[in-house]
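No experiment lies behind these values; they were computed from the predicted model shown. Every chain is numbered from 1, with letters handed out A, B, ... down the list of sequences.
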There are 2 protein chains.
Amino acid sequence: MDAIDRTLIELLRDNARLSYAELARQVGLSPPSVHDRLGKLESTGVIKAYRADVDPEAIGLGVTAMIMIVQEPGHEIEDMTIRFRQQPEIESCYFMAGHESFLLIARLGTIAELEQLIGRINRVPGVASTRTTIALSTKWEQRPQPHRKPPAAATPG
Amino acid sequence: MDAIDRTLIELLRDNARLSYAELARQVGLSPPSVHDRLGKLESTGVIKAYRADVDPEAIGLGVTAMIMIVQEPGHEIEDMTIRFRQQPEIESCYFMAGHESFLLIARLGTIAELEQLIGRINRVPGVASTRTTIALSTKWEQRPQPHRKPPAAATPG
DNA sequence: AGCGTCCGGTCGATGGCGTCCACGGACGAG
DNA sequence: CTCGTCCGTGGACGCCATCGACCGGACGCT
């Protein structure tokens with residue numbers, strides 16, 4: 001995980017469809033070498049996936065909701081997580097510090113679907129209460145941020 | 001935006017580095033045709049970007065925080081949004097229904113950096129108060145979900 | 001110092017891919 | 001019917017992905 005790896009990651013966070021050849025030019029290595037480095041970054045879990053970032057409204061998921069969950073004592077966090085995972089509408093699931101133990105971010109087509117999802121969540125053992133707010137608008141999402149340490153200089157001759 | 005487009009989107013949400021040739025095989029069209037469709041989906045904003053999904057901890061961003069903001073009357077939402085956008089640590093920004101007007105999701109290296117970020121946010125005009133909780137663990141994030149309508153069958157025969 | 005080994009790089013080859021262009025059928029409007 | 005538009009196909013050509021062989025520096029042992 002050196003400066004060149006960090007540069008590769010940063011380039012791919014901006015555009016995951018860059019060719020190995022283009023990446024190689026940007027970091028000043030040969031394409032097979034880039035191929036090798038990315039293979040390692042993928043297999044060690046640094047790069048988890050390559051995803052198309054799609055406008056949710058365009059695929060019928062115009063409603064974004066944040067669901068916060070207060071936990072009842074005497075229930076396993078893992079069991080609750082598994083039950084939440086079974087709801088495909090839940091895009092992200094965080095276990096939180098504070099009064100509310102879980103934050104779920106859900107993506108749905110309609111408010112009616114949200115109502116049904118909340119109903120299903122309330123039936124999960126260990127859920128004491130839920131509090132839901134919906135996003136009126138998304139200003140931005142998943143913006144990549146620069147790394148702490150400056151990325152590689154492509155060591156010119 | 002037909003069933004084939006939806007299939008392409010779903011395939012690319014799982015793996016944004018699939019080749020045009022592979023996509024073409026999956027949907028039963030020729031590669032140039034897929035190229036054409038994706039170009040349209042990109043230029044109409046349905047596909048916003050292709051991103052590598054990176055383990056935040058691997059790039060020194062092990063702290064995930066949710067910052068909720070109560071708004072003071074008499075300030076423009078847009079002005080506040082612009083100020084928030086200037087903080088690179090803020091990965092996502094939602095304008096919410098409810099008592100707290102904004103939900104910010106921030107990614108940082110240390111708690112000390114979080115403290116500084118909260119300080120900067122509190123200095124933004126229009127911020128009446130902030131409430132922050134940190135994620136103790138991320139159960140999952142950005143999981144793609146299936147579309148409402150069934151995706152394309154690659155019309156055999 | 002001399003040597004073996006490992007790691008990570010380059011180079012070369014080849015099969016497949018990306019992408020441009022010209023062409024053609026389906027379909028609706030006049 | 002005729003035309004225009006849309007959306008697809010196929011061919012061509014240059015570039016890319018990817019594998020294997022080889023190379024050189026770093027390091028540890030004798």
*Asks:* Identify each donor-acceptor pair in which a side-chain atom of residues 91-98 of chain A lies under 3.5 Å from a protein atom, sequence neighbours left out, and give them as a table.
*Replies:*
unit_1: A/E91; atom_1: OE1; unit_2: A/R107; atom_2: NE; d: 3.0
unit_1: A/E91; atom_1: OE1; unit_2: A/R107; atom_2: NH2; d: 3.3
unit_1: A/E91; atom_1: OE2; unit_2: A/R107; atom_2: NH2; d: 3.0
unit_1: A/S92; atom_1: OG; unit_2: B/Q142; atom_2: N; d: 3.1
unit_1: A/Y94; atom_1: OH; unit_2: B/E141; atom_2: OE2; d: 2.7

*Asks:* Working to the nearest 0.5 Å, report the span between CE of A/M68 and OG1 of A/T132.
*Replies:*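 Rounded to the nearest 0.5 Å, the CE-OG1 separation comes out at 7.0 Å.
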*Asks:* In residues 69-84 of chain B, what donor-acceptor pairs under 3.5 Å come from side-chain atoms, sequence neighbours left out?
*Replies:*
unit_1: B/Q71; atom_1: OE1; unit_2: B/S101; atom_2: OG; d: 3.2
unit_1: B/Q71; atom_1: NE2; unit_2: B/H75; atom_2: O; d: 3.4
unit_1: B/T81; atom_1: OG1; unit_2: B/I77; atom_2: O; d: 2.8

*Asks:* Take B/S30 and A/Y20, find for each the nucleotide of DNA chain D with the closest heavy atom, and name the residue whose nucleotide sits nearer the 5' end.
*Replies:*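 Going by which nucleotide is closer to the 5' end, it is B/S30.
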*Asks:* When you measure from the side chain of A/R17 to the backbone of B/A16, do you find a donor-acceptor pair of N or O atoms at a distance under 3.5 Å?
*Replies:*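 Here the side-chain-to-backbone pair exists.
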*Asks:* Give B/S19 one of three labels, base, sugar-phosphate or nothing, depending on what nucleic acid heavy atoms sit under 4.0 Å from its own.
*Replies:*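 Answer is sugar-phosphate: B/S19 comes under 4.0 Å of backbone atoms only.
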*Asks:* Could you state the CG-C1' distance from A/D5 to C/dG9, rounded to the nearest angstrom?
*Replies:*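 From A/D5 CG to C/dG9 C1': 13 Å.
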*Asks:* Distances for protein N/O vs nucleotides 13-16 of chain C N/O pairs under 3.5 angstrom?
*Replies:*
none

*Asks:* Check B/N15, B/L12, B/D53 against A/R51 for a side chain to side chain contact (heavy atoms under 4.5 Å, CB included) and give me the one that passes.
*Replies:*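 Of the listed residues B/N15, B/L12, B/D53, the side chain to side chain contact (heavy atoms under 4.5 Å, CB included) partner of A/R51 is B/D53.
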*Asks:* Pairs of donor and acceptor atoms involving the side chains of residues 35-49 of chain A, under 3.5 Å and at least two apart or interchain, shall be tabulated with distances.
*Replies:*
unit_1: A/D36; atom_1: OD2; unit_2: A/K40; atom_2: NZ; d: 3.3
unit_1: A/R37; atom_1: NH1; unit_2: A/D2; atom_2: OD1; d: 2.9
unit_1: A/R37; atom_1: NH1; unit_2: A/D2; atom_2: OD2; d: 3.4
unit_1: A/R37; atom_1: NH1; unit_2: A/D5; atom_2: OD1; d: 2.7
unit_1: A/R37; atom_1: NH2; unit_2: A/D2; atom_2: OD2; d: 3.1
unit_1: A/E42; atom_1: OE2; unit_2: A/Y50; atom_2: OH; d: 2.5
unit_1: A/S43; atom_1: OG; unit_2: A/G39; atom_2: O; d: 3.2
unit_1: A/S43; atom_1: OG; unit_2: A/K40; atom_2: O; d: 3.3
unit_1: A/T44; atom_1: OG1; unit_2: A/K40; atom_2: O; d: 2.8
unit_1: A/T44; atom_1: OG1; unit_2: A/L41; atom_2: O; d: 3.4

*Asks:* Nearest 0.5 Å, please: how far is CG in A/L103 from CZ in A/R131?
*Replies:*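 If I round to the nearest 0.5 Å, the distance is 10.0 Å.
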*Asks:* Sort me out a list of protein N/O and nucleotides 20-23 of chain C N/O pairs below 3.5 Å, or just none if empty.
*Replies:*
none

*Asks:* Is a salt bridge present between B/E22 and B/R25, judged by a nitrogen-to-oxygen distance below 4.0 Å?
*Replies:*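 Yes, B/E22 and B/R25 are salt-bridged.
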*Asks:* Kindly say whether A/R143 contributes a backbone atom to a donor-acceptor pair with the side chain of A/R13 at under 3.5 angstrom?
*Replies:*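 Here the side-chain-to-backbone pair does not exist.
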*Asks:* A/R37 CZ to C/dT10 P: how many Å, rounded?
*Replies:*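 In whole Å, C/dT10 P lies 9 Å from A/R37 CZ.
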*Asks:* Are B/F102 and B/I105 grouped together when hydrophobic residues (ILVMFWY) are joined by side-chain heavy atoms under 4.5 angstrom apart?
*Replies:*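 Not linked; separate clusters.
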*Asks:* Tell me, please, the opening and closing nucleotides of DNA chain D, 5' to 3', among those with an atom under 4.0 angstrom from a non-hydrogen atom of chain A.
*Replies:*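 Using the under 4.0 Å cut-off, the span is D/dC16 to D/dC19.
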*Asks:* Atom NZ of A/K40 to atom C1' of C/dG8: distance rounded to whole Å?
*Replies:*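 Rounded to whole Å, this separation is 7 Å.
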*Asks:* A/I67 and B/L136: same hydrophobic cluster, using ILVMFWY side-chain contacts below 4.5 Å?
*Replies:*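 The answer is yes; both residues are in one hydrophobic cluster.
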